[in-house]
Amino acid sequence: MKDEYMKWFRDAKYGLFIHFGLYTITEGEYNGVTTPFNAEWIMNHINIPLEEYVKLAGKFNPVKFDAEDIVLRAKAWGMRYIVFTAKHHEGFALYHSKCSPFNVVDATPFKRDILKELQLACEKHKMPLGLYYSQAQDWHDPDGLAYHRDNAGKDFRAYLERKCKPQLRELLTEYGDIAILWFDTQLTMTKEESRECRDIVKELQPNCIINGRLGNFLGDYKTTSDNLIPLLPYEGAWEIPATLNNTWSYKKADQNWKDPNEIIRKLIKIVGRGGNYLLNIGPYPDGSIPEPSVDILDAVAEYVNANAEAIFETKLMPAFPYDTEWFMLTAKDYKLYINVLQVPPRMHIVTIRNKIKRAYIVHTKEEVPFVQQLSCENEGYWEFELPDSVKGKKHFTLCVETEEKCPIFEPIFSNA
Ligand code: FHN
């Protein structure tokens with residue numbers, strides 16, 4: 001297959017995004033002002049002058065940052081890859097960059113190469129590591145772009161040559177195998193400029209996957225808008241970056257955490273439509289993970305780990321014709337998974353024509369008796385007799401093995 005190097009990504013389905021930088025230590029507040037927007041944008045949004053902002057580096061000392069703990073947690077949460085902010089729009093490198101002293105080793109009392117620690121922990125535990133890199137925006141470099149600002153007098157080419165391209169080379173030569181280069185906010189980058197970034201990645205690590213936000217349609221897969229799930233199944237690899245509250249880096253004022261059930265629902269919806277869910281944490285200034293994030297991801301993990309076969313290595317399938325509240329479907333060859341999100345009074349599905357071979361509860365492997373017939377409206381109709389073990393359960397998954405390779409749904413409206 002032409003894009004065989006992407007297979008692991010398409011199968012992975014669920015990843016951990018980590019936003020960590022100097023912005024983290026503000027917790028979304030600076031000199032008594034709370035930013036109204038994402039905390040990692042605080043410099044831009046509340047106009048912190050650069051000479052003030054760089055002083056944050058002197059306070060950056062996340063002594064509780066524990067790369068191995070994060071990787072092990074991600075594994076326990078069922079996640080299959082990590083994407084870490086090597087450099088966000090603020091311009092600060094979370095690794096020991098030789099081409100800019102504005103980095104975690106040279107500019108902070110912490111002096112540890114956070115990315116190196118994460119790389120080693122990921123290698124030890126076989127966790128693919130992706131790097132977020134803000135390729136166009138850089139609020140520290142005089143020629144880096146900034147959204148909401150006049151960039152007219154800047155020499156973007158100079159920034160590309162002086163910082164962006166050399167840093168990409170560092171990241172791709174000094175930190176082992178990089179699974180994904182996760183670019184973000186192309187702004188006015190030309191096709192040629194995006195192409196130059198792509199070429200560096202592919203020259204140094206041909207199997208490194210590039211996300212769609214490189215811009216100019218030069219990525220290897222589509223990155224959707226933040227937190228936006230496509231309505232329909234989408235062919236080709238895609239991924240949605242998403243938050244657990246309303247910000248990416250930690251923000252004290254944002255305690256609007258999502259319910260684990262909502263995350264489970266979104267995960268299944270995304271997977272059923274053929275995508276990956278890249279779910280974010282923003283560590284505290286001391287480097288530890290906020291308890292609410294841990295609580296949510298622990299709760300989601302119970303579902304993910306018990307029903308892993310219905311989530312991972314699944315494949316794109318046609319849209320089910322009804323908007324179902326109580327279940328969502330995922331599929332593999334010859335298998336349809338009915339991910340039950342709210343136990344219905346009667347477990348039945350219409351508009352489905354496949355022939356059932358057997359049905360079982362995924363987490364217990366119990367066989368489930370079924371009836372397969374035509375409904376009184378002459379539609380394909382399945383009904384299942386649920387075992388006592390799932391009665392009263394919030395979520396569970398039923399696997400239906402079918403004679404046919406793919407699900408066959410009937411259209412609701414047809415002239416035939
Ligand atoms: O501006 C960034 C934002 O801070 C965050 O990193 C997200 C993650 O997808 N990307 C940009 C906005 O889309």
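First listed ligand is number 1; within each ligand, the first listed atom is number 1. What you are looking at is a predicted structure, and each value in this text was computed from that prediction instead of being measured.
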Original post:
Are K87 and D138 ion-paired here, with the side-chain N under 4.0 Å from a carboxylate O?
Top reply: yes
Original post:
Which of the atoms of ligand 1 are close to P241, meaning less than 4.0 Å from one of its heavy atoms?
Top reply: 9 (O)
Original post:
What atoms in ligand 1 come closer than 4.0 Å to a heavy atom of Y132?
Top reply: 6 (O)
**OP:** If you have a sec, work out which protein heavy atom is nearest atom 5 (C) of ligand 1 and how many Å separate them, to one decimal?
**Re:** H19 NE2, 3.4 Å
Original post:
When you look at E4 and K7, which way does the salt bridge (Lys or Arg N to Asp or Glu O under 4.0 Å) test go after all the steps?
Top reply: CA-CA 5 Å; E4 189 58 32; K7 186 175 180 333; over 6 Å; no
**OP:** Return a yes/no value for W41: is any of its N or O atoms, backbone included, closer than 3.5 angstrom to an N or O of ligand 1?
**Re:** yes
Original post:
Listed by chain and number, what are the salt bridge (charged side-chain N to carboxylate O under 4.0 Å, His left out) partners of K266, not counting sequence neighbours?
Top reply: E262
Original post:
Is the ring centre of F92 less than 6.0 Å from the ring centre of H140?
Top reply: no
Original post:
Under 4.0 Å from any heavy atom of E40, which atoms of ligand 1 are there?
Top reply: 3 (C), 4 (O), 5 (C)
Subject >> Residue selection (non-hydrogen contact nearest atom 7 (C) of ligand 1) among D226, T247, T185 >> reply: D226
Original post:
Can you name the closest pair of heavy atoms from Y95 and N103 and give their distance?
Top reply: O-CB, 3.1 Å
Original post:
Should you measure from each heavy atom of H88, which atoms of ligand 1 turn up under 4.0 Å away?
Top reply: 3 (C), 4 (O), 5 (C), 6 (O)
Original post:
Please state which protein non-hydrogen atom is closest to atom 10 (N) of ligand 1 and give its distance, to 0.1 Å?
Top reply: D184 OD2, 2.5 Å
**OP:** Answer yes or no on whether R80 is positioned over the face of F312, meaning its NZ or CZ is under 6.0 Å from the six-membered ring centre and within 45° of the axis.
**Re:** yes
Original post:
Does the ring of Y175 carry K116 above it, NZ/CZ under 6.0 angstrom from centre and within 45° of its axis?
Top reply: yes
Subject >> Interfacing atoms of ligand 1 (cut-off 4.0 Å, heavy-atom, H89) >> reply: 1 (O), 2 (C)
Original post:
For ligand 1, does W182 get within less than 4.0 Å through its side chain, its backbone, both, or neither, judged by non-hydrogen atoms?
Top reply: side chain
